[in-house]
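Throughout, protein chains are lettered first and strands after them, A, B, ... in sequence-line order, and every chain is numbered starting at 1.
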Amino acid sequence: MNSPYYTEENPHYQYVLGLGDDALILGQRWAEWLSKGPNLELDIASSNLSLDLFGQADLWLTYAAELEGQGKDSDDLAFLRDTVDFRNHWLVEQPNGDWGMTTARMVMFSIYQFIRYERLSKSSDVRIAEIASKAIKEVTYHRRFSSEWCMRLGQGTEESNRRLQTGFNELWRFVAELFETPAWERALAEDGLAVASEDLREEWDQAMHEIMDAAGVVRPETTGRVIGSRHNGHHSEHLGHLLCEMQFLQKSYPKSSGAVW
Amino acid sequence: MNSPYYTEENPHYQYVLGLGDDALILGQRWAEWLSKGPNLELDIASSNLSLDLFGQADLWLTYAAELEGQGKDSDDLAFLRDTVDFRNHWLVEQPNGDWGMTTARMVMFSIYQFIRYERLSKSSDVRIAEIASKAIKEVTYHRRFSSEWCMRLGQGTEESNRRLQTGFNELWRFVAELFETPAWERALAEDGLAVASEDLREEWDQAMHEIMDAAGVVRPETTGRVIGSRHNGHHSEHLGHLLCEMQFLQKSYPKSSGAVW
Amino acid sequence: AENEAQFQARIDAEEFIEPKDWMPEGYRKTLVRQMSQHAHSEIVGMLPEGNWVTRAPTLKRKMILVAKIQDEAGHGLYIYSGAETLGTSREQMVDDLHSGKAKYSTIFNYPTMTWADVGAVGWLVDGAAITNQIPLCRCSYGPYARAMIRVCKEESFHQRQGYESLLAMVKGTDAQKKMVQDAFDRLFWPSLMMFGPPDSDQPPSQNMKWKIKRFTNDELRQRFVDATIPQAEFLGLKIPEGVVWNEDTNHYDFPELDWDEFWAVVKGDGVCNDDRLNSRRKAIDEGAWVREAAEAYAEKQKIQQAAE
Amino acid sequence: AENEAQFQARIDAEEFIEPKDWMPEGYRKTLVRQMSQHAHSEIVGMLPEGNWVTRAPTLKRKMILVAKIQDEAGHGLYIYSGAETLGTSREQMVDDLHSGKAKYSTIFNYPTMTWADVGAVGWLVDGAAITNQIPLCRCSYGPYARAMIRVCKEESFHQRQGYESLLAMVKGTDAQKKMVQDAFDRLFWPSLMMFGPPDSDQPPSQNMKWKIKRFTNDELRQRFVDATIPQAEFLGLKIPEGVVWNEDTNHYDFPELDWDEFWAVVKGDGVCNDDRLNSRRKAIDEGAWVREAAEAYAEKQKIQQAAE
């Protein structure tokens, strides 16, 4: 049963919007680490990740706005939608938690992004292929950075292994949703334009298997049930609070009132 | 040197607005404790305090809106202003911190409110006297509640005394600002309408002296310098983040667009 | 066995069993489990509403929500103290909640995604709870029945306020109407699951015999659906697929619930399972030093008074 | 004493002193104090900007601010490692910061109340820092001078971006113009205090003799005022009371600064003193287990490689 926010219209726009929202929300979570990291080197690393992700978000959301065809720009999409209009995966909107939770999330998602971007760089849509080919260079670093920290924490001390394991335990419930594939996404994939999320599952499982074994952490079991869908505008409770901070200025001094930033 | 937000116009409105903002922002801080308290009894106490304060805020802000004379209501004032338009004391906008910080703040401010409301219940403005006489019954409980907890923490364990002391140490910098008295407030006081904040100092110092000695905590020294002023629209960095959460819905679905709650 | 027969006779005679009366161990166990699960649900139920208390759109809605959360904490207290009369301490029950041993109603593992969810929780979740609790006002165990009488009164007040906030929103913008429809679509089925698994899954329950339970899960669920669908229509909402008025039975027919989803959430796979338990653990852990200080202080006072 | 004379001769000959060269204990001490205070200011300076990074109004401004904060962390790193060449470890310097022993520039104890403050910090605070740092590029201690050359380049880039964001806002709504005027009014005087107490308060400083300091506090402050006021006028801002162009001296006259405020903030009474130190301590304390894990892992790798 689909929600009032579900639509099969303009799937090309919806697909690109999802890529943009993933990068935007994860970029915001990494920006929250600035000046709060375990040391200066990690504050610098967090800003690198955040900058890459905001850059990707700007490119995807600019293209999405063009595909939507209502004269919007990337800022309109980023700052004027409510949770029900966002199409990011639930994993990226979860709070950072401690460095163990943050590392677990980034391992899970940077591997997913790497595999997705690898295929998208061969997309039949030249614009998608272009953005993906640029982004995959950055995501290669994201994957290496988070995998290295996964090893340090997994094999470091008993406490760091415990915290990393807790991160995977609490985030694993969001794995199934990474591979949810609505019919319109499958159709786009058949045209070579997009990638069907479920086709990424095998390679992702394989890569996760390797890094988690090497790091000495156990794969949690979950029923794999996805209750709700981001394509229905559904999200966890965390996205709404993130938007309160991110969107305050544009909503308090709307473009329509002549505000310029 | 006054800021672009300083005005000597409609002091009667500004004074009542300040009373409303103090209650509103402190009410929001107490609402943040709901379901997060050390036990169920304190969750119930926090909701009592929060309810009382929101009730006072509604009364003061409704009256302030009338005095402003621009057809606004208490919600317009609470949900549509930015930090520069708020006139609450800096002490009430500080984060809750732990139960020690929260207790220190509430001791400092409930005693201030008690003394202020005691005098305002004899205001020449019947409306102010009415609201103050109702509010002082509630604030009497706020004062007793926070003083009891000040004793428990101060005389309880070495750790609770340390945390309570840290609360006073970090919040004491905001004491001087409680007694800042612009010329227009002094003029209103001379008409018997308002109370000049600096006239509350002596009684407040005396009451604080007693409770802090009894609780076994030391009065921190500060230079008493107030840098900036709430009458200039100046605040600490914490009010802005509080408004992001509090105002999200009214700013995302503006009354002007026909939204009804 | 002789006790047993006498006890059953008192139940059949509709007498209330009191804490000091003799009772079979099974009766005590099932009541402690049910009352502690009920109290846990009240406490955990504060969290999805607490998620919006700082963002309520008006001062009036804010105060209504704070008062509702306050009552839930109060309900939790009565029911915990009711359960304590059966010999288990509140601390023990709360430990079981935090260790995951004790359960709470699965509905609270669903996220309150929008402000309309807060109204829908009041309308649907409090509505289902009331439908469940009215019969409990005549449950055979005295302390539980008395707690229920008071809880029902306050909860019907909250249910009306939840429904009333949706009534206001459906008169607002299209975006608000959509929000209410989505909240109803999402929370309707999980609130039906609050009545527990279908009777077909359940062995004829001892609880009915002991008059802890007066009606079966399906009977109460049907009563709730029949009351709720007309209210949804009054709000102008689209009715969920498969829910159809049956002229003959004078009830609404509705399709089989998705019990796989129910058991997945019971198992811990709901979107908010971890958020809820982590919040409860965090509140209790970070409050430990406060409770210790209060105890130490009370001790010192006692010693002082004794000395005077 | 013979070393001393030789050392002074090298200074007078504009030679760079390197870590391995002989230096008077006073020279080492004052450099460690100044470089660590400079590094601390870069680190603590990340916090008032970090306060707005999650609320930047556009993606472009967000990325510019993230890049600025990143560079400040980088500057902090160079300067700490520069100071380490004088024999004090970064951990020791950071401990002194957290214990309150070591200071950082008082400007960072002022709150960034609005988004316009972020632009004003870029324009005024980076501007004052650059005015201070250009002469440091020829400071007698080699590692410090080389760090400054790189820092100055990046900071002038950030200063322009800060000014540019205010240029955009003054073309916006009245509310935005007011925000920029208020930010300028509030941050102008504290940024003048970044140059330190007036020369009249200072004994003729050994730092000048050792060519660590090339110009006096008042000379640098004057240079900054003369550069900043025209920029404020270009933004259409009202100029602070008492700041008047002096035809004869070809400089702006400006009133005595409020040094009581300066010393109150140094003493810890600024609005944000506690917020800043608490944030730094929290980051380092909560990161301890991460650093320990990284060390333990590196150890295991070494042992493993040695075994191969």
Visitor: Heavy-atom pairs under 4.5 Å with chain D - which of A:Asn48, A:Asp43, A:Asn39 has more of them than the others?
Guide: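 Of the candidates given, the most pairs with chain D belong to A:Asn48.
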
Visitor: At a 4.5 Å cut-off on heavy atoms, which part of D:Ile43 comes close to chain A: side chain, backbone, both, or neither?
Guide: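 The side chain, not the backbone.
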
Visitor: Non-hydrogen atoms of chain A under 4.5 Å away: do they reach the side chain of D:Ala175, the backbone, both or neither?
Guide: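 The side chain, not the backbone.
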
Visitor: Report the distance from atom OG1 of D:Thr173 to atom NZ of A:Lys255, rounding to the nearest 0.5 Å.
Guide: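 Here the interatomic distance stands at 14.5 Å.
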
Visitor: Report yes or no: does D:Arg280 contribute a side-chain atom to a donor-acceptor pair with the main-chain N or O of A:Ser35 at less than 3.5 Å?
Guide: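 Between the backbone of A:Ser35 and the side chain of D:Arg280 there is a qualifying donor-acceptor contact (under 3.5 Å).
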
Visitor: Would the distance check show the side chain of D:Lys300 and the main-chain N or O of A:Gln155 forming a donor-acceptor pair, the cut-off being under 3.5 Å?
Guide: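 Here the side-chain-to-backbone pair exists.
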
Visitor: Between D:Glu49, D:Lys62, D:Met169, who has the most heavy-atom pairs with chain A when the cutoff is under 4.5 Å?
Guide: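 Option with the greatest count: D:Lys62.
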
Visitor: Rounded to the nearest 0.5 Å, what separation is found between the CD atom of D:Glu295 and the CZ atom of A:Arg152?
Guide: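 Nearest 0.5 Å value for the CD-CZ distance: 11.5 Å.
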
Visitor: Among A:Asp98, A:Asp75, A:Thr103, who wins on heavy-atom pairs under 4.5 Å with chain D?
Guide: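 Most pairs with chain D among the choices: A:Asp75.
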
Visitor: Calculate, to the nearest 0.5 Å, the distance between atoms CD1 and CG belonging to D:Ile69 and A:Leu34 respectively.
Guide: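 Those atoms lie 5.0 Å apart.
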
Visitor: Quick check for you: among D:Gly287, D:Gly172, D:Ala293, which has the greatest number of heavy-atom pairs under 4.5 Å with chain A?
Guide: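 Option with the top pair count is D:Ala293.
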
Visitor: Are the side chains of A:Gln250 and D:Thr58 in touch, meaning some heavy atoms are under 4.5 Å apart?
Guide: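 Yes. Closest side-chain heavy atoms under 4.5 Å.
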
Visitor: Taking side chain as everything from C-beta outward and backbone as N, CA, C, O, which of these in A:Leu242 sits under 4.5 Å from a heavy atom of chain D? Side chain, backbone, both or neither.
Guide: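 For A:Leu242, there is no contact with chain D at all, as no heavy atom is under 4.5 Å.
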
Visitor: Which residue out of A:Ser257, A:Ala57, A:Pro38, A:Gly27 racks up the most heavy-atom pairs below 4.5 Å with chain D?
Guide: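 Of A:Ser257, A:Ala57, A:Pro38, A:Gly27, A:Pro38 has the most heavy-atom pairs under 4.5 Å with chain D.
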
Visitor: What option among D:Arg61, D:Met46, D:Gln70 has the most heavy-atom pairs under 4.5 Å with chain A?
Guide: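 Ranked by contacts with chain A, first place is D:Gln70.
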
Visitor: Which region of A:Tyr253, side chain (C-beta onward) or backbone (N, CA, C, O), has a non-hydrogen atom less than 4.5 Å from a non-hydrogen atom of chain D, or is it both or neither?
Guide: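 A:Tyr253 touches chain D through side-chain heavy atoms alone.
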
Visitor: Can you tell me if A:Glu32 uses its side chain to pair, donor with acceptor, with the backbone of D:Thr54 under 3.5 Å?
Guide: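 No, the answer is negative, given that no donor and acceptor are paired below the 3.5 Å cut-off.
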
Visitor: Which atoms of D:Ala298 come close to chain A, meaning under 4.5 Å heavy atom to heavy atom: side chain ones, backbone ones, both, or neither?
Guide: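 Neither part; nothing is under 4.5 Å.
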
Visitor: Is it true that, when you exclude A:Tyr141 itself, more than 12 heavy atoms of the residues, nucleotides or ligands shown sit nearer than 6.0 Å to its OH?
Guide: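 Count over threshold, so yes.
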
Visitor: side-chain contact (heavy atoms from CB on, under 4.5 Å) for A:Leu153 and D:Trp289? Distances and angles first, verdict last.
Guide: CA-CA 9 Å; A:Leu153 299 187; D:Trp289 69 272; 3.7 Å; yes

Visitor: Please flag which part of D:Arg291 lies under 4.5 Å from any non-hydrogen atom of chain A: side chain, backbone, both or neither.
Guide: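 It is the side chain, since no backbone atom gets that close.
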
Visitor: NZ of D:Lys68 to OG of A:Ser47: how many Å apart, nearest 0.5 Å?
Guide: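 Output value for this atom pair is 13.0 Å.
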
Visitor: Any side-chain donor paired with an acceptor under 3.5 Å for D:Glu292 and A:Thr157?
Guide: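 No, no side-chain donor-acceptor contact under 3.5 Å.
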
Visitor: Between A:Trp30 and D:Val66, does a side-chain contact (heavy atoms from CB on, under 4.5 Å) hold up when you go through it step by step?
Guide: CA-CA 10 Å; A:Trp30 276 106; D:Val66 171; over 6 Å; no

Visitor: Carefully, step by step, assess A:Lys36 and D:Glu286 under the rule side-chain contact (heavy atoms from CB on, under 4.5 Å).
Guide: CA-CA 9 Å; A:Lys36 298 194 177 71; D:Glu286 286 178 5; over 6 Å; no

